[in-house]
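Inspection log for the structure reproduced underneath, given as C-alpha cells.
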Protein chains: 4
Amino acid sequence: MVEIVRNSETDPCEDLLDGLRRGRPAAGQDPVKRSQIIDGARRVFIEKGFEAASMNDITREAGVSKGTIYVYFANKEELFEALIEEERGTIFKNMYDMLDRADDLRQTLVKFGKVLSMKITSARVIQAQRTVIGASDRIPDMGARFYERGPKRGHDKVVTFLNAAIERGLLEIDDVDLAAYQFTELCLAGLFRQCIFAYRTKAPTQDEIDHIVRSGVNMFLKAYGTERLAEEESHEMIAIEAKS
Amino acid sequence: MVEIVRNSETDPCEDLLDGLRRGRPAAGQDPVKRSQIIDGARRVFIEKGFEAASMNDITREAGVSKGTIYVYFANKEELFEALIEEERGTIFKNMYDMLDRADDLRQTLVKFGKVLSMKITSARVIQAQRTVIGASDRIPDMGARFYERGPKRGHDKVVTFLNAAIERGLLEIDDVDLAAYQFTELCLAGLFRQCIFAYRTKAPTQDEIDHIVRSGVNMFLKAYGTERLAEEESHEMIAIEAKS
Amino acid sequence: MVEIVRNSETDPCEDLLDGLRRGRPAAGQDPVKRSQIIDGARRVFIEKGFEAASMNDITREAGVSKGTIYVYFANKEELFEALIEEERGTIFKNMYDMLDRADDLRQTLVKFGKVLSMKITSARVIQAQRTVIGASDRIPDMGARFYERGPKRGHDKVVTFLNAAIERGLLEIDDVDLAAYQFTELCLAGLFRQCIFAYRTKAPTQDEIDHIVRSGVNMFLKAYGTERLAEEESHEMIAIEAKS
Amino acid sequence: MVEIVRNSETDPCEDLLDGLRRGRPAAGQDPVKRSQIIDGARRVFIEKGFEAASMNDITREAGVSKGTIYVYFANKEELFEALIEEERGTIFKNMYDMLDRADDLRQTLVKFGKVLSMKITSARVIQAQRTVIGASDRIPDMGARFYERGPKRGHDKVVTFLNAAIERGLLEIDDVDLAAYQFTELCLAGLFRQCIFAYRTKAPTQDEIDHIVRSGVNMFLKAYGTERLAEEESHEMIAIEAKS
DNA sequence: TATGAATGAGAATTCATTCAT
DNA sequence: GATGAATGAATTCTCATTCAT
C-alpha cells in the first residue's frame, strides 16, 4: 500500500527490515512454520478430539497467530486432515520393513507381528485412530483415506510377503488376501477393540503382545504351513540348538 | 400397586377412574414419547456424531419440543448415553443364543461366526460404534461401558462355550481367553477395521462373510481341534451324506 | 363433552362426585387455595427473589398445579403483587397500636421505637423489602404502592401522635411531618441500610435496638420536648421511684 | 514506561515502529472499549435490573459484539460487578472532602449533610442502589461489598470528623459511632426510603434538602453540642453580623 | 375445574473465521 | 506477511404459559 523509497545504505532500519524480508517464504509456504502449526494441532486434536479442540487452543499450543494458521490451512478441517495425513505417515513408516528381509519365516512373522501389534495399540496411535473415526462423520472419506493409505498399504505388503513365502514353498494358501487379514487380526486378537473403545486404558505390555503374537503365528502356520516349512524349521531348530 | 378388579360393563365410575388411572403419563414417563425422542436422536447422532448433532436437529427429527426432551433427559450427554445403552441392548440381544445349543461344534461355530460377523459389520451397528468411539473424548468411560456390557459379555459367553467343548473333549486349548478372541477376530478378518474407518461403505455380503467365517473356523479347529472332534465330524459327514 | 345421565339414588360413585362438587367455589374464588398458593409463593419469592423464583418452584412449594395458579393469578407478576400486598398487611399490622394509648410520652416513644425498629429490621421483613425493591424495575409502581400503603401510613400515624402530644403541650414542633421522619430514622439509625444491603446478615439484637432507640428518643425530646414534658417526666420519676 | 524521544520528521522507521508500539491494545485491555461496554451495561442494568437485563440488550446498547463483551468480562455477573464497582467509586468520590477542612462546625455539618443527602438521593445513585439490592439474591456479598466500600467508609470518615470536634471541645458524645449514624439518618430523614421504594419518582429539591439538613443539624447540635460550641457560634454570629 | 405435560421463545455463552493494523 | 481483537451465528438449556385430558 505505502511505497517507501529508501536509501538502503544509510537507513538505520535496514537490518531490522532486512531480517524480516530476507528469504521469507511466500505466504503459507514456510515448512518450519507449517510443522510448528501441525505440532500444536496434534497435541490439541489428539487430546480433545476434533470438535472439542478450539482454534484458540491450537494457536496457543503452536505459538503462532490465528491469522497465520488460516494462511497455511483454509479451515479447521483442512488443518485436521493435514495433521492426520502426517500422523499416518509417521505411524506406518518403517512398520513393514521387516517383511523385506527374507529371513526365517516363523521368526519374521513373529517379529513383524510384534511390531504391528505394538504400534497399532500404542496410546498415541489409538488416540489418533479414535480421532479419525470420530471425525469421519464430519469429514467424509477422511477415515477411508486414512485406511487406504495406512492399514491398506500395510496389508498389501503382507500379501506380497505371503506370496513370496508361497513361492518359496513354505506356505500353502488358498485365499492370500484373506490370510493376510487373518494374520493381522490374530496379532491383535482382543487388543484392537479393547483399546479403541478405551476399555483398556493402557497399551498392552510387551509380554502380552509376545504371547498373543506367538499364539497367532502358531495358528497361522498350523493352518497354512507346508511340509517344507516344518523341515526348514527343524533345521533351524538344530541350528539354534547347535548355537546354544 | 393396587389391583382393582372391576366389572367394566356395569361400573358407572368407569370413565372417571379410567381417566385418573390411564390419564397422561407422568412427566418424562411416557415410554412412547421417550422412544420417539430416542428414535429422533438416533437418526441425528448416528448421522452427525455426538458433537455435530444439535439439540435443535433432534427436536426437529423427533417431532417434540425442546422442553420435552429436557424433561426426559437431563442433557445432551444423558440423551446420548440412553440411546447408546438402548442401541447396545438391541445389537447384542440374541447374538449369542446359538452358543447355548450343544450342537455339532463346527456347525455351531460357523453359524455363530456368521451371526457375529454380520451384526458387528452391519451399517447401523458400525455407525453406532463409530459414534461411541467419537464421543469417548467427551464422555469418558462411555466407550469402556459400551465395550464391557456389549462385546465383553459376548466374549465371556464364547469362553464358556469353548470350555464346554473342551470338557466334551472336542477342543484342546491352552489359553481359552485368547482363543475366544482369536475366534472372534478370525470371523471379522479384515472387516471390522475396514468398516469402522468407512473404507468399506457397505456392509459385507453374505457370501463374503460365509467365506471368511468358514476359513476362520477351519483355522481355529486345525489349531485347537482334537482327534475326537475329527471323528465326530466324520460321523456327521456320513450322517449328512446319508440324508442327501 | 360426554353427557353422563345417572340415577343419583343408586349410583355408587355418588359420594365421591358429590364431595368434589359440593360447595366448590367458583374458579379462582376459593380463599383457602388462594392462601395455599400465596404461602408457597412467599417461601419461594422471599428466598430467591422475583426473577430467580420459578413458577415450578412455587407449584411444588404450594402443592397445587400450575394451571390452578394461573386460574387465581393471571401471571407471575400478579401473583407476586398479591403476595407483597399480603405481606405488607402482615408487617404493618398492629405496629402502630402503641401510639393509640395516651401513655407517658417518653415511654411510649421508646416502646414504639423498639417495635418499629425490630419489625423493619427483622430478617423476613428485610427480605421482603429487598424483593420489592429488586422487582420494582420490572413492575413499576410496585415499590411506590408498597411504601404508600405501608411505611407511609405508619408515618401518618406518627404524625397524628405527635400532633396529639403537641396539643397536650408536651412537644413543640415546627415541622411535624419532618419530625415524624426524624423520629423514625433515629430509631433505625445505621440499621436499615446495613440490613437492606446485607452488610448485616443477622437482625440486630434486642440490646442494640434498645440502645439506639433510647438514644434516639433522648435526642428527639431534647430537640422537641417542652418544659411541661420535663415536669411530667419528673413526676413520673417520682411515681416510679415510689413504686420501687 | 520507556520514554522514547525521537524526531519524527526524519525517522524513516517511524511508521513501522509506531505501528508496533501503539498498535491495538491487547484483548480485553482497551480502556476505551471497556468504558464503552460498561456504559452500555450501565444503561441496561440500571433500567432493567440484573436479571431482566439481557446480554443482547447490553451488546446493542454498548455497540460492541457479544464476543467482545466476553473478552472483557468473563460473564454477566462479572460485568455487573465491575459496573457497580465503578459506580460506587463515582458516587462516593469527593463526597467526604468537606470533612477534611476544619471549618466552623455547624456550617461544615450543614454543607456536608447537603452534599450527602443530595448524592444519595440523586436519581442515578438511587437507581444504582436499587439494582445492587435487587441483585444481592443472585450475587451474595455484592450488597455487603457495596455497603462496606461505600457508605461504611463514609461513615468512618464522619466518625473521625466527630472525634476531632470532640477533641476541640465542641461536641460531647457518648457513642460516637451511633452519633455518626444518627447524623446521616437525620440528613436523609424521610428521603432514602421514599426514593428507594420509588414512592418519590424525582430527587428531592435543593430547598427540601436544605430544610431537612438544617433541621437535622440543629437537632444534632442540641443533643451533642457543648457550651464551647455555643460560644464559638455566637462569636461567629457577631462576625457575620459585622460583615453585613 | 384442576391438572401438569408440552411448548418454544429467549437466555448466556462459545468459537471458527475475518480483517484492520 | 503476521497478528489477534472483534465478530455474530449457533450452541445448550430454562421456564412462563398454554391447553388437552
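Chain A is the first sequence line, chain B the second, and so forth, proteins listed ahead of strands; every chain is numbered from 1.
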How many Å lie between [atom1] on [X] and [atom2] on [N], as a whole number?
| X | N | atom1 | atom2 | result |
| --- | --- | --- | --- | --- |
| B:Met55 | E:dT7 | CE | C1' | 15 Å |
| A:Asp57 | E:dT14 | CG | C1' | 12 Å |
| D:Gln36 | F:dT7 | CD | P | 9 Å |
| A:Lys76 | E:dC15 | NZ | P | 8 Å |
| D:Asp30 | E:dT21 | CG | P | 12 Å |
| A:Arg34 | F:dA2 | CZ | P | 14 Å |
| B:Glu78 | F:dC13 | CD | C1' | 13 Å |
| A:Asn56 | E:dA16 | CG | P | 7 Å |

Taking F:dT11, E:dA6, F:dT3 as options, the one with an atom nearest any side-chain atom of A:Lys33 is F:dT3

Name the closest nucleotide to the D:Asn75 side chain, picking from E:dA6, F:dT12, E:dT13. E:dT13

Any B:Tyr70 side-chain N or O less than 4.0 Å from OP1/OP2 of E:dA6: no

Residue closer to the 5' end of DNA chain F, C:Gly67 versus A:Ser65 (nearest nucleotide): A:Ser65

First of A:Ala74 and D:Ala52 reached from the 5' end of DNA chain E, by closest nucleotide: D:Ala52

Taking for each residue the nucleotide of DNA chain E with the nearest heavy atom, is it D:Glu77 or C:Gly63 whose nucleotide lies nearer the 5' end? C:Gly63

With a 4.5 Å limit on heavy-atom distance, are the side chains of [X] and [Y] in contact?
| X | Y | result |
| --- | --- | --- |
| A:Ile38 | A:Arg42 | yes |
| D:Tyr70 | D:Met55 | yes |
| D:Glu51 | C:Phe50 | no |
| A:Ile69 | A:Leu79 | yes |

According to the Watson-Crick and G-U wobble definition with distances under 3.5 Å, which dot-bracket string, read 5' to 3', encodes DNA chain F, using [ ] for crossing pairs and | for pairs with another strand? .||||||||||||||||||||

Under 4.0 Å, heavy atoms only, any strand: does D:Ala53 hit a base, just the sugar-phosphate, or nothing? sugar-phosphate

Sugar-phosphate only, base, or nothing, as touched by A:Thr68 at under 4.0 Å among non-hydrogen atoms: base

Parallel, tilted or perpendicular, as decided by the 30° and 60° cut-offs, for the rings of D:Phe45 and D:Phe80: perpendicular

Atom pair CD (D:Glu81) and CG (D:Asp141), whose distance is rounded to the nearest 0.5 Å: 9.0 Å

Shortest non-hydrogen contact between B:Glu61 and B:Gly40, atoms and distance: CG-O, 3.7 Å

Taking N and O atoms by type only, does the side chain of B:Lys66 place a donor or acceptor under 3.5 Å from a partner on the base of E:dT7? no

